[in-house]
S.K.: 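My questions will all concern the structure given below.
In the text below, chain A, chain B and the rest are named by the order of the sequence lines, each starting its count at 1.
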Amino acid sequence: MRHTLSVLVENNPGVLARVAGLFSRRGYNIDSLAVGRTDNPAISRMTIVVEGDERVLEQVIKQLRKLIEVIKVSDISREEHVDRELVLIKVSAEPEKRGEIMQIADIFRARIVDLGRRTMILECTGNEGKIRAFEESLRPYGIKELVRTGKIAMLRGSRYTNINGTREDE
Amino acid sequence: MKLTAAQALVRCLELEQVEVVFGLPGGAMLPVYDALYHSSIKHVLVRHEQGAVHAADGYARATGRVGVCMATSGPGATNLVTGIANAYMDSVPLVIFTGQVPTTQVGTDAFQEVDITGITMPITKHNYLVKDPAALPQIIKNAFHIASTGRPGPVLIDLPKDVAQATIDFYYPEKVRLPGYRPNYQGHPAKINQAAELIRRSERPVIYAGGGIINAGASEELVQLAETISAPVVNTLMGLSSFPGDHPLFLGMLGLHGTRYANLAVTECDLLIALGARFDDRVTGKVAAFAPQAKIIHVDIDPAEIGKNVLVDVPIVGDVKQVLRALLPLLDKTDRSRWLARVQELKEQYPLTYSREGGLKPQYVVEEIYRHTGGEAVVATDVGQHQMWVAQFYRFKRPRSLISSGGLGAMGFGLPAAIGAQLALPGKQVILVTGDGSFQMNIQELATLREQDLPLKIFLLNNYKLGMVRQLQQFYCEGRYMAVDFKFHPDFVLLAKAYGIKGYSVQSEKELQEILPRVFEEPGPVLVDCLISPEENVLPMVPAGRGIDETIA
Ligand SMILES: Cc1ncc(C[n+]2csc(CCOP(=O)(O)OP(=O)(O)O)c2C)c(N)n1
């Protein structure tokens, strides 16, 4: 089972090393990890995708909570949520293939962000399934390079997680 | 008030009512030691930084207060590592200061630079590299709070030299600033009710009590619980001394070298009440065979311990003293005479014994120390067979009277830890029981002992071997003894003398009897080199990978 954890941490140097170290030391598998600061510059949010059964997940969450700089851990995948990844793909694009590639980009609502003599860079956002499908569609043309962010996620509706927990405004 | 950060550090320690710090200086720590020069805080100069951290640890274990130690950058800091890991494994509150190269040089492989915050990340409860001198007082405030609350543990503060020298506007903050740190002390009332219900319905309860009882100061509540519900009590190594060793409900230590009756009582019980214990592998043996008929109630301050090694029926996160205080009024005095009769039968059927034939027996030495101190001494140990014999044969009366390296099992802990404990408890008799292997790992601290002129009594259970490993090789390597015999050994009595410490050597019960009164009358430190029968085994013993019901007697 894969779970998406939304983790609020104090925005201190070293906090990423603490979280990453915890995962490797205790043998938990991270699928992806994305970090960035929140609207409050003192606080960052990590979105961590972990693989494991319920028992592993429970330990991961408890061990994360033990870190002093971790303020809040929530398992977002238990609730209705939106998640997104962004991918940049540099694909071979001889002039005669460009039209086809642009059609694919259109289908996936991807953008062309660079056009070289024989390559193009495409940018696409979406959930994991969409990103995977996009990658597969471009593969036949020859992917030169692929860079993707980790997943970021947010609860749907008026519910939100902040340092005081998960809440909903009236 | 304008102070340098180093002066502020010392001022903070004074405000935290730190009486003693253990350490050894170096270049990066010059500013801090210069500030200590003007302070009333006692600095105990050790001979090796490992001695400083173990001594601070012994001080903390003996008192429940935060132990403080310091070392310089680089090798000073790395010499602390074993001691920090040791304190982390056994949940001992320490605040550790290390010097660091100036911030301008951090990250350049400067002389005596090591990334000690990186190295100690997995073995501290938290650590800090101080970059802003003005932040130091708040960091120290946080560090003492983190070290001593919730599940206690070591906190390290790494202080670059230029930061230590910088001038700040000093004030000591009153509040900690830790948005992500809120230990839970109160157990959940619904869970406590469920626990009470399970206890009421149980016919054969056993209380399994660990070091958490000592950390929480919950010994009185533990005795009340045991007596109210007529449940026998087994202790982990860390839990020893939390329950009176001569109490009729006491079954001693469980696990690998536990008493047979403790292990069998756990095997037969229908309810296991785990209090401040963490189902360590040395306790459970094969997990599937551990308390197989029992429902389990688990009380622990650390949520991550619950459900980690075994699944439990009633989890209660909280301070075990507060939880027991909430639980006790829900329980009626119950008489479980059938169960207690069965436990008594086990005690009689499988007593803890040894043969006194064949030389001076280590178990006998421990029993004699017990007799002479009436169980009132604080006993520190090293790691090995001697440690297990103390755990088995010394019947501790009061909490915090056993000082032993449990989770890490670090040889070399004993002497410095005993020094720390004796410094903390000047009016008490502290005893060190050590082995010749362990003793030689921090033997340089005999100089500290002499310098501090402490009345510590050292009993060296000398088998001229790494006894515990020899025993393992006897059982698991068909007696192929590899690297466990010391072919050279110092004359320990002469060695003590070289340090200005009185020494005796004994090799029979009679000789031991003769010198014991003199040893305890002596005002200063004494070493007793006990030449014990060298191939004695620690029994009972649960073979590797087996259930705790399958002991070798
Ligand atoms: C620092 C360290 N190194 C190695 C070990 C492995 N070990 C465990 S017990 C032991 C032998 C201890 O010998 P000694 O102190 O003489 O005690 P005895 O077992 O003979 O009573 C060893 C080597 C350890 N626990 N700690």
Side-chain angles (χ1 to χ4, degrees), chain A residues 3 5-28 30 35 37-46 48 50 52-75 161-167, chain B residues 85 88 91 103 106-107 115-132 135 138-139 142-147 149-158 176-184 278 287 298 300-312 315 317:
Chain A
H3 298 265
L5 303 181
S6 186
V7 184
L8 289 167
V9 299
E10 287 189 67
N11 186 11
N12 295 342
V15 64
L16 178 59
R18 280 181 214 281
V19 170
L22 171 70
F23 275 81
S24 67
R25 182 162 79 244
R26 294 202 180 255
Y28 310 139
I30 301 190
V35 210
R37 71 164 186 76
T38 61
D39 52 318
N40 176 349
I43 293 169
S44 293
R45 186 186 297 272
M46 296 186 179
I48 306 174
V50 285
D53 60 20
E54 284 297 316
R55 222 171 144 189
V56 169
L57 182 78
E58 185 185 321
Q59 266 296 308
V60 169
I61 292 176
K62 285 175 167 178
Q63 294 294 345
L64 278 170
R65 287 189 177 138
K66 271 177 81 165
L67 297 178
I68 305 288
E69 290 165 328
V70 167
I71 300 167
K72 168 92 192 135
V73 184
S74 26
D75 181 2
T161 58
N162 69 9
I163 56 172
N164 299 315
T166 300
R167 31 178 73 203
Chain B
Y88 184 68
S91 310
T103 45
V106 167
D115 173 15
I116 197 66
T117 46
I119 291 172
T120 59
M121 208 172 265
I123 54 168
T124 50
K125 188 168 169 188
H126 195 51
N127 63 22
Y128 293 94
L129 168 61
V130 187
K131 289 184 175 155
D132 171 11
Q138 182 70 59
I139 287 175
N142 291 353
F144 274 86
H145 180 74
I146 293 168
T149 54
R151 180 177 182 173
V155 179
L156 180 138
I157 299 174
D158 196 24
V176 295
R177 283 226 314 261
L178 296 163
Y181 181 69
R182 277 155 306 196
N184 184 25
R278 60 186 179 91
V287 174
H298 189 184
D300 206 287
I301 189 91
D302 181 357
E305 287 303 343
I306 294 177
K308 185 179 80 176
N309 294 342
V310 299
L311 291 173
V312 303
V317 176

S.K.: Considering all heavy atoms of both residues, which atom of B:Leu311 and which atom of A:Arg55 are nearest to each other, and what is their separation?
M.R.: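 In this case the closest contact between B:Leu311 and A:Arg55 is CD2-NE, 3.8 Å.
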
S.K.: With distance as the sole test, does A:Lys66 use its side chain to make a donor-acceptor pair with the main-chain N or O of B:Asp302 at under 3.5 Å?
M.R.: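 The answer is no, because no donor-acceptor pair under 3.5 Å joins these two groups.
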
S.K.: For the CZ atom of B:Arg177 and the CD atom of A:Glu10, what is their distance to the nearest 0.5 Å?
M.R.: 9.0 Å

S.K.: A:Arg65 side chain to B:Ala304 main-chain N or O, any donor-acceptor pair under 3.5 Å?
M.R.: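 The answer is no, because no donor-acceptor pair under 3.5 Å joins these two groups.
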
S.K.: Give the minimum heavy-atom separation between B:Arg182 and A:Ile71, together with the two atoms involved.
M.R.: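 Where B:Arg182 meets A:Ile71 most closely, the heavy atoms are NH2-O, 3.6 Å.
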
S.K.: With a 4.5 Å cut-off on side-chain heavy atoms, are A:Lys62 and B:Glu305 touching?
M.R.: no

S.K.: Measuring heavy-atom distances to chain A, does B:Ile306 have an atom under 4.5 Å in its side chain, in its backbone, in both, or in neither?
M.R.: both

S.K.: Counting a contact as any heavy-atom pair under 4.5 Å apart, which residues of residues 17-26 of chain A contact chain B?
M.R.: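 Residues in range: A:Ala17, A:Arg18, A:Arg25.
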
S.K.: Measure the CG-CD1 distance between B:Asn127 and A:Ile68 for me, rounded to the nearest 0.5 Å.
M.R.: 10.5 Å

